There are 2 protein chains.
Amino acid sequence: MTKPTMDDVARRAGVSRALVSLALRDSPKVSDASRVAVRAAADELGYRPNLIARHLASKQTRTFGLVINDLHNPYFPGVADGVRRAADAAGYRMLIQSAFLDDVVERSALDTFIDFRVDGIILTGARLPAAAIEAAARSVPIVVVSRPMRSVNVDTLNNDDRLGAELATGHLVELGHRHICHIDGGDGAGAAQRRAGYEATMRRHGLEPWVVSGAFTEASGVAAAERALGSGRPLTAIFAGNDVSALGALDVIEESGRSVPHDISLVGYDNTFVAALRHVSLTTVEQGRERLGELAVETLINRIEGGRTKAIHHVIPPTLVVRHTTAPPP
Amino acid sequence: MTKPTMDDVARRAGVSRALVSLALRDSPKVSDASRVAVRAAADELGYRPNLIARHLASKQTRTFGLVINDLHNPYFPGVADGVRRAADAAGYRMLIQSAFLDDVVERSALDTFIDFRVDGIILTGARLPAAAIEAAARSVPIVVVSRPMRSVNVDTLNNDDRLGAELATGHLVELGHRHICHIDGGDGAGAAQRRAGYEATMRRHGLEPWVVSGAFTEASGVAAAERALGSGRPLTAIFAGNDVSALGALDVIEESGRSVPHDISLVGYDNTFVAALRHVSLTTVEQGRERLGELAVETLINRIEGGRTKAIHHVIPPTLVVRHTTAPPP
DNA sequence: CTGAAAGCGCTAACAT
DNA sequence: ATGTTAGCGCTTTCAG
């Protein structure tokens, strides 16, 4: 169980340890003969370099840490796809941690990556206070994805949440809806912007905003929809803060005997795979999550390798995806 | 950006480096005065211990690596929940990597964890050859979850896939179905056992098994259902290898103008949150995924700390969750 | 092209 | 209770 070290390989190959190090990393200053001998010895021994030691000596890990706010939210794996593809192409590893929707866990996930001295950290959907992120960013490059925040030293990457909400709300208004309720994302990442976009659109059309507070979870969608439906207030459409809360609302609407979109139209946000299921067919907003993931890596790399110090704030335009949960009001 | 080291803290607190090390880890053999002084110095400096260095010196990382076969499959986050809870309670960190359904990526995820010298690895839904896992298990404790395999040196934890498939198929038979097609999981983890359970149940009832090959993805469910429906063969029920492939099948069935469960009954496997959505309400099989995650950690810990060397193979009984996608045949 | 030697930041005996 | 001294396994000058 005790693993062979570089010394073992060196001894077996009849060369010095330093040469093994060079040979294994394909340095040009190693003769072919040595290279072959070293490789052979390493293979025979089943040698695997100890990254812990390598990193301690070289001061870099070539690893990015990805903190996902909630592994259960199908939005995030899409971001992870983009991150992985780009990281892979650039020769970086990616390690993931989930915050499990808990701020304390999120904080410790961030600390763990810092303590592991990863070369860069991607925070997605983070709910940590901006100050905490700023502080952490002083010791490692951090890029915050899908969580709008203004900062001079941490990079951010977002879809335009406000615009997305405007598209969603505008779509409902155009269909003829006047009683549109917004189940918001509470203090979730981007929730405030989506709420603002909703409110602005409503006002622009002379309609009164009606926000029921929620969170980015299915359970909160259930609770919020129950409140909205139970209020007795006229209601023909709901714009939920994200897809999973929309799904919660969908359940409640149907349970109440109403049908979607016949009685009530419903819009989500994120365009997750669940929204795309024909059986659900939820009208929603696409953020471009994979692209955000890729951009996150690029942003990190040009800070690390390019030495950039000024923060970048990139916002990409979302698009409305119209499916079958929206129709003119009854 | 250059971080303070333990030496900096020691100097500032006016003590030796070793004492800082002890104080920061709450060793009882440190005076209160020193402890306070060290903590203060560390805080003022914003000191964070370098885990890389700590691990190199202590030969352990107190970290488990979790390799998830497919981050997009909502089954896995449930396992991760269980792992995290148990790991947390035992004082271990958890790092995640996704294989993104790709065997090569899965292999490199495993290698990365080995190279990082994590204390234990949990493979869930892995499709790697058993031999590769066995080999890796020689250098680090590995427990394989949701992937049946017989082995003398690697621990496994599974629900009884065969039994689960028998429950699912038996349920359909009891409802009166005779033309039941199984969309299998191809070479996915546990797919063979589920297929066997289906076939055995069919034969036991004098029915002819009909397996259409698939995989554990939505896209494969779509393709397989199209083939089944297009075959012209009588068909009143489908038992899909897992929930996401069932969802793919559901889309195709409805697209063909048939309704579920009126024309065709449908059963999945995994009881993911999507199956539970009232709007989907998929009859499925619950594996007990969180429990599997917790057990995985316990298994790893009693091997690491308890010094166990004989492999454990634990199988837990699945349960059928009947919802609204199953009904008697038309 | 190869080897020797000096660390990387920390832990773990061993002293005191 | 606290300090000293070796490493952990690797990379990286610096000589040869």
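Below, read A as the first sequence line, B as the second, and so on, with proteins coming before strands; counting in each chain starts at 1. Predicted model only: the values in this text are computed from it and were never measured.
Nearest heavy-atom pair across B:Ala90 and B:Ile301 is CB-CD1, 3.2 Å. Considering every non-hydrogen atom in both A:Gly91 and A:Arg62, the closest pair reads O-NE, 3.1 Å.
The salt bridge (charged side-chain N to carboxylate O under 4.0 Å, His left out) check on B:Arg308 picks up B:Asp155, with sequence neighbours excluded.
A salt bridge is defined here as a Lys NZ or Arg NE, NH1 or NH2 lying under 4.0 Å from an Asp or Glu carboxylate O, and A:Asp119 with A:Arg303 fails to meet this definition. A salt bridge is defined here as a Lys NZ or Arg NE, NH1 or NH2 lying under 4.0 Å from an Asp or Glu carboxylate O, and A:Arg11 with A:Asp8 meets this definition. Under 4.0 Å is where a charged nitrogen must lie from a carboxylate oxygen, and between A:Arg85 and A:Glu294 at least one such pair does.
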Problem - Per-nucleotide protein contact string for nucleotides 11-16 of chain C (B base, S sugar-phosphate only, - none; heavy atom under 4.0 Å) - result: BB----
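The CG-C1' distance, from B:Asp7 to C:dG7, rounds to 13 Å in whole Å. In this structure, the CG atom of A:Leu56 is 9 Å from the P atom of C:dC10, given to the nearest Å. When rounded to the nearest whole Å, the span between CZ of A:Arg117 and C1' of C:dC10 equals 11 Å. Taking atom CG on A:Asp26 and atom P on C:dC1, their separation rounds to 14 Å, with Å as the unit. Between the CG atom of A:Asp115 and the P atom of C:dC10 there is a distance of 10 Å, rounded to whole Å.
Here chain B contacts DNA chain D (any atom closer than 4.0 Å to a heavy atom, that is under 4.0 Å), and the contacts span D:dA1 to D:dG9 from 5' to 3'.
Between the side chains of A:Arg17 and A:Ser21, no donor N or O sits under 3.5 Å from an acceptor N or O.
Among residue pairs with one or both ends in residues 53-86 of chain A, those qualifying as ring pair (Phe, Tyr, Trp, His ring centres under 6.0 Å) are A:His55-B:Phe116, A:Phe64-A:Tyr92; sequence neighbours excluded.
Comparing the end axes of the helix from C:dC1-D:dG16 to C:dT16-D:dA1, each fitted to five base pairs by superposing C1' atoms of four pairs onto the next four, gives an inter-axis angle of 40° (nearest 10 degrees).
Checked against B:Val83 for a side-chain contact (heavy atoms from CB on, under 4.5 Å), the options B:Val297, B:Leu300, B:Leu292 give a single hit: B:Val297.
Within the 4.0 angstrom heavy-atom criterion, only backbone atoms of the sugar-phosphate kind lie near A:Pro28; the bases stay farther away.
Here the side chain of A:Asn69 pairs no donor or acceptor atom with the backbone of A:Thr124 at under 3.5 angstrom.
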Let me have the donor-acceptor pairs involving side chains of residues 43-52 of chain B, under 3.5 Å, with sequence neighbours excluded, atom names and distances please.
| from | atom 1 | to | atom 2 | distance (Å) |
| --- | --- | --- | --- | --- |
| B:Glu44 | OE1 | B:Arg12 | NE | 2.7 |
| B:Glu44 | OE1 | B:Arg12 | NH2 | 2.7 |
| B:Arg48 | NE | A:Asp115 | OD1 | 3.0 |
| B:Arg48 | NH1 | A:Asp111 | OD2 | 3.4 |
| B:Arg48 | NH2 | A:Asp115 | OD1 | 3.4 |
| B:Arg48 | NH2 | A:Asp115 | OD2 | 2.8 |
| B:Asn50 | OD1 | B:Ile52 | N | 2.8 |
| B:Asn50 | OD1 | B:Ala53 | N | 3.2 |

